[in-house]
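Read through the structure below, which is laid out as structure tokens, and then see the notes.
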Amino acid sequence: MLAFILRRILQSIAVLLAVGLVAFSLFRYVGDPINAMVGQDTTMEQREELRQKLGLNDPAPIQFAKFIANAARGNFGLSYRTSEPVGRMILERMPATLELSFCAALFALFVGVPMGVYTGLYPRHWTSRLLQAISLIGISLPTFLIGILLILIFAVSLHWLPSFGRGQTVQIGWWTTNFLTVKGLQALILPSITLGLFQLTLLMRLVRSEMLEVMRADYIKFARARGLTNRAINFGHALKNTLVPVITVTGLQLGALIAFAIVTETVFAWPGVGQLFIQSVQFSDIPVMAAYLLLIGLLFVLINLTVDLLYFAVDPRLRGGGLARAGGH
Amino acid sequence: MAAASNNPPLLEVKNLRVEFPTRRGTLLAVDDVSFDIAPGEVLGVVGESGAGKSLTGNAIIGLLEPPGRIAGGEIRLEGRRIDNLPYEEMRKVRGARIGAIFQDPLTSLNPLYSVGRQLVETIQTHLPLSGSQARARALDLLKEVGIPGAEMRIDHYPHQFSGGMRQRVVIALALCAGPRLIVADEPTTALDVSIQAQIIALLKRLCREHGTAVMLVTHDMGVIAETADRVAVMYAGRIAEIGPVRDVVKHAQHPYTKGLMGSIPSLGVRTERLTQIDGAMPRLTEIPKGCAFNPRCTVLGQRCMVERPELMAAGASRAACWHHDRGGVGQPVAKETVNA
Ligand SMILES: Nc1ncnc2c1ncn2[C@@H]1O[C@H](COP(=O)(O)OP(=O)(O)OP(=O)(O)O)[C@@H](O)[C@H]1O
Ligand code: SF4
Ligand SMILES: [Mg+2]
């Protein structure tokens with residue numbers, strides 16, 4: 001198991017280096033960083049001097065190594081647009097995105113999984129058919145449309161919930177949170193639903209099909225023959241066996257939630273990293289884009305690593321292999 | 001042989017019918033099957049694939065898979081009718097009064113739970129025992145079914161056991177609440193040949209010690225001959241012949257049973273193997289008029305084409321054949337036969 005984890009960590013580092021290379025290439029080959037930094041009236045000599053000072057004349061591999069070393073220390077340089085340190089800009093906006101993604105994930109998990117279990121256990125019931133039909137809509141409507149529809153209904157017509165921004169936030173150290181004020185929590189509702197709806201339908205359909213599959217398994221039939229209660233069979237035996245694929249997809253989708261919060265943040269003017277990314281694309285603010293890329297890469301890698309570890313917790317077959325085979329024949 | 005033939009039966013199956021509604025009419029997969037099992041008795045059930053053996057067993061444990069359903073007849077356990085119980089009532093019977101063992105030990109156990117946990121869970125579902133009492137009982141059961149190092153093995157997961165060991169665990173699970181009857185549906189088919197005999201011997205010994213009756217479905221006539229007190233031979237959803245094991249094996253009355261015995265050379269009952277049955281069992285949709293066996297029968301007469309034979313006394317057994325006295329190897333029997 002230790003070997004497995006070590007191998008996974010090495011793989012993760014390789015993935016991050018690859019992402020780093022892409023980010024670095026952005027810097028190196030999209031536009032000229034010097035142009036972005038200096039004014040119109042800078043002379044060629046001054047430019048060359050700056051180039052030398054910034055190490056832009058070094059061979060590419062050395063530049064790449066420096067880039068990675070800086071990135072590892074959270075140093076991504078200054079934004080072309082605002083001249084602020086990129087690291088700080090991202091850190092400031094990170095809580096907004098993380099809290100939004102977290103709520104969306106909770107929404108998807110705590111609504112999607114029970115719906116999947118229900119439709120999997122009673123596939124022929126009319127409620128299940130209805131949920132299936134609704135989930136098709138959820139999976140086919142684009143996110144921005146869902147967001148706009150929700151705004152129209154709950155903000156514009158009913159005035160129940162705010163249509164943009166984080167509402168009221170509370171500062172705890174460098175972290176700003178929505179969770180401690182009513183206004184902040186209200187502001188979270190519509191964007192979380194918008195962002196989580198697609199994952200919700202995905203999870204529901206996944207759990208449903210896994211449930212249908214597992215309920216046909218011999219050990220379920222044998223559990224019935226042992227006279228176990230429906231509750232024990234459905235939740236103790238069946239649901240647990242659907243967990244491995246559910247964990248995988250949830251993990252991947254959590255990464256996707258954070259990465260694709262971009263659309264939701266734009267629709268709801270949510271001051272998160274996704275919005276920052278959109279702004280930096282408009283201004284060709286390469287350092288911010290590169291840092292964002294690396295950050296998303298890091299998140300995906302961390303989530304995958306967690307997912308792998310969760311497998312071990314759920315499935316005994318992955319733990320200590322065939323150690324005890326010896327006893328039987 | 002059943003020592004208890006004059007006691008009231010443990011299980012009574014009367015005129016059981018199992019059907020499947022399909023778009024093109026209803027399929028009758030088990031047709032008017034009746035038999036008894038006495039306390040502690042082992043009833044072997046044999047027959048070709050698709051004869052309705054598993055459906056009969058599943059009907060008894062109340063686990064027919066929809067759309068299959070019991071369409072008629074009744075099933076009584078210890079005198080109490082169990083075929084029409086509500087699901088929750090029947091659930092309390094399953095595991096507690098009737099245990100079941102299925103074909104594949106590799107897939108009967110939940111891979112995610114230790115065998116101890118699965119045992120304890122079953123014990124506590126049916127018996128009012130504390131966690132530690134249940135675990136002690138689980139440990140005893142594992143020892144009883146012959147798991148070496150049970151103290152350590154109890155916390156192991158199914159994948160850490162071999163097929164034979166897993167089937168032992170499955171037997172322990174079926175026995176753990178002290179059922180009166182075990183329905184064992186081909187419990188050794190999926191196992192290595194070298195282990196099959198051990199498992200059957202274990203099942204037989206445990207059931208004798210616990211006084212548990214067994215309905216043993218198998219394709220193996222050798223197993224039947226060694227293990228069963230009585231045998232039921234099924235063909236196309238009906239019982240073709242039923243009787244004490246010695247009589248059915250040595251003096252088969254029904255031509256189909258004769259053919260089955262003939263196809264088991266290892267038994268040494270007969271030496272020529274010419275009696276192997278040609279043809280295949282008809283599909284449920286194509287069961288012929290008269291005797292269902294008539295397309296394959298070598299001794300048929302005219303009556304066989306028009307009228308269906310019911311079970312009738314034939315020596316010590318009962319057979320559903322108009323010509324059972326001619327089919328049998330042994331003594332000539334009852335005179336319901338017909339000129340044709
Ligand atoms: N869901 C179903 N729909 C229609 N027919 C079915 C269904 N399940 C079983 N049958 C039919 O019922 C008949 C009896 O099946 P059963 O499983 O009892 O046979 P079996 O004697 O146990 O055979 P085997 O030795 O292969 O296990 C078969 O002919 C089968 O085609
Ligand atoms: S009833 Fe007729 S066809 Fe059927 S088994 Fe007996 S002899 Fe053969
Ligand atoms: Mg079968």
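On a predicted model such as this, the values are computed, not experimentally measured, just so you know. In the text below, chain A, chain B and the rest are named by the order of the sequence lines, each starting its count at 1.
A cation-pi arrangement is not found for A:Arg129 relative to A:Tyr118, the charged atom failing to lie both closer than 6.0 Å to the ring centre and inside a 45° cone about the ring normal.
For the set A:Val314, A:Ile220, A:Asn241, the count of heavy-atom pairs under 4.5 angstrom toward chain B peaks at A:Asn241. Chain A forms more heavy-atom pairs under 4.5 Å with one residue of B:Thr107, B:Val183, B:Thr125 than with any other, namely B:Thr107. The candidate with the highest count of non-hydrogen atom pairs below 4.5 Å against chain A, out of B:Pro111, B:Gly95, B:Gly99, is B:Pro111. Heavy-atom pairs under 4.5 Å with chain A were tallied for B:Gly62, B:Ala96, B:Ala174, B:Ser108; the largest tally goes to B:Ser108. With respect to chain B, the highest number of heavy-atom pairs below 4.5 Å among A:Thr229, A:Asn230, A:Asp315, A:Leu243 belongs to A:Thr229. With chain A as the partner, the residue from B:Val93, B:Leu106, B:Ile101, B:Val170 showing the most heavy-atom pairs under 4.5 Å is B:Val170. Chain B forms more heavy-atom pairs under 4.5 Å with one residue of A:Ala232, A:Ala223, A:Gly227 than with any other, namely A:Gly227.
Both the backbone and the side chain of B:Glu121 have a heavy atom closer than 4.5 Å to some heavy atom of chain A. Of the atoms belonging to B:Gln118, heavy atoms from both backbone and side chain fall under 4.5 Å from chain A. With a 4.5 Å cut-off on non-hydrogen atoms, B:Asp192 does not touch chain A at all.
The two residues A:Ile233 and A:Leu228 have their closest heavy-atom pair at CD1-O, 3.6 Å. Between B:Leu64 and B:Leu55 the shortest heavy-atom distance is CD2-O, 3.7 Å.
Considering only heavy atoms from C-beta on, B:Arg117 stays 4.5 Å or farther from B:Asn110 through its side chain. Between B:Phe102 and A:Tyr219, the closest side-chain pair of non-hydrogen atoms is not below 4.5 Å.
Note that the CD atom of B:Glu144 and the CZ atom of B:Arg137 stand 9.0 Å from one another [nearest 0.5 Å].
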B:Arg76/B:Glu74 under salt bridge (Lys or Arg N to Asp or Glu O under 4.0 Å): CA gap, chis, key distance, verdict
CA-CA 7 Å; B:Arg76 283 174 189 276; B:Glu74 53 180 65; 2.7 Å; yes
